[in-house]
**Q** 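Could you have a look at this structure, given as structure tokens, before my questions?
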Amino acid sequence: MSRMTSSRRDFLTRAAGAISVAALPLQGADAVKVGMVPDAGATQVSIEEKAPLRDYLAKSVGSKVELIIPTNYNATVEALGNGSLDFAYLGALTYVKAHERYNVTPLVQRSADKNFHSLFITQSSAAIRKLQDCKGKRFAFGDINSTSGHLIPFDELKKAGINADDDMQVRYTGSHAATVKAVEGGAADAGALDETVYHSMISEGKVDGSKVRIFLTSPPFVDYVWVARADVGAAQREGFAKAFLSLKEGKDDAILNILRGKDFVRADDAEYANIRKIARDLKML
């Protein structure tokens, strides 16, 4: 890319800073610490609504569990590195960063995460029909460390001949939900985000489906994954993984709804090779 906007450059160079968390009630010093990146597809519900997930994990692994949402994506990575978290739910970009820096172990992911998509949306009445129509327009990404809200959309725009930093008026909303609302309200002409968040907001009436529309769906990519920090023992890793692999539709719907998934499968680091390449090309890794 020929240049980089000051906002994007500032985001890329900003230190993660001290971890500050919103958490379910502290369960004690011996609790298993489980983190979830803010704004991941599974974290759109409130803290209180995650209690069934916490309780399920505690029962499955036979230990108290504390669910934590660090302040940002980088803070989640650093918490895995400094031992503040034992396990975490990461987006693909955050995962490859955590794996490279701290050798975290991928465990499981939703089957849908094997073929995930970013959605490009605009207002229903807008003339935008393809990526090239976004040139010169106000475009909303989510968090700069989001795979589906920034990395993949930025790369798709690049492949379409658009350098987002040069050719559009870019803003970072900080979340997928905020991106949808920015487009719905006319603060942005178009935006890109996580497919599960968009469809959930439409189905739950959190956005007026008559005011926004999808104009492009990205090719599939591998995304969210549950990981363990490097020094978590094999038996503990396996127990945590089996808690997710055991979830079944019709039996565990309360948990699956929180996780926005239908079932879970094993995760494999090799599947993230293309995410690593894109991240390096965009100087994000």
**Q** Are Ser146 and Phe141 side-chain neighbours, meaning at least one heavy-atom pair lies under 4.5 Å?
**A** no

**Q** Hey, are the side chains of Val34 and Tyr89 touching, using non-hydrogen atoms and a 4.5 Å cut-off?
**A** no

**Q** With respect to Tyr95, which candidate in Val77, Thr147, Val222, Val104 satisfies the side-chain contact (heavy atoms from CB on, under 4.5 Å) definition?
**A** Val104

**Q** If you define the side chain from C-beta out and look only at heavy atoms, does anything of Arg101 sit under 4.5 Å from Glu78?
**A** yes

**Q** Given Asp189, which of Lys135, Arg138, Lys137 fulfils the salt bridge (charged side-chain N to carboxylate O under 4.0 Å, His left out) condition?
**A** Arg138

**Q** Are Lys130 and Asp133 within salt-bridge range, i.e. N to O under 4.0 Å?
**A** yes

**Q** Would Val212 and Ile214 show up in the same hydrophobic cluster when neighbours are defined by side-chain heavy atoms closer than 4.5 Å?
**A** yes

**Q** Salt-bridged, Lys277 to Asp281, with N to O below 4.0 Å?
**A** yes

**Q** Using the rule side-chain hydrogen bond (donor to acceptor under 3.5 Å, both in side chains), only one of Thr94, Asp194, Asp113 pairs with Tyr224; which is it?
**A** Asp194

**Q** Between Glu184 and Met201, is there a side-chain heavy-atom distance shorter than 4.5 Å?
**A** no

**Q** Is Ile202 close to Val207 at the side-chain level, that is, under 4.5 Å between some pair of heavy atoms?
**A** yes

**Q** Rounded to the nearest 0.5 Å, what separates atom CG in Asp231 from atom CG in Asn103?
**A** 10.5 Å

**Q** Evaluate the side-chain proximity of Lys159 to Leu131: yes if any heavy-atom separation is below 4.5 Å, no if none is.
**A** no

**Q** The criterion is salt bridge (Lys or Arg N to Asp or Glu O under 4.0 Å); which residues satisfy it with Arg276, sequence neighbours excluded?
**A** Asp269

**Q** Taking C-beta and beyond as the side chain, do Leu256 and Phe264 meet within less than 4.5 Å on heavy atoms?
**A** yes

**Q** Kindly give the heavy-atom pair with the smallest separation between Val225 and Leu107, and that separation in Å.
**A** CG2-N, 4.3 Å

**Q** For Lys50 and Ile69, run side-chain contact (heavy atoms from CB on, under 4.5 Å): C-alpha distance rounded to whole Å, both residues' side-chain angles, the deciding distance at 0.1 Å, then the answer.
**A** CA-CA 11 Å; Lys50 291 185 182 67; Ile69 303 178; 3.9 Å; yes

**Q** Can you name the nearest heavy-atom pair linking Tyr56 to Ser246, along with the distance?
**A** OH-CB, 4.0 Å

**Q** Are the side chains of Ser218 and Glu195 in touch, meaning some heavy atoms are under 4.5 Å apart?
**A** no

**Q** Taking 4.0 angstrom as the limit, do Arg266 and Glu238 come out as a salt bridge?
**A** yes

**Q** With sequence neighbours excluded, give me every ring-ring contact (aromatic ring centres under 6.0 Å, His included) pair touching residues 194-214.
**A** none

**Q** Per the salt bridge (Lys or Arg N to Asp or Glu O under 4.0 Å) rule, what does the pair list look like for residues 212-222, sequence neighbours excluded?
**A** none

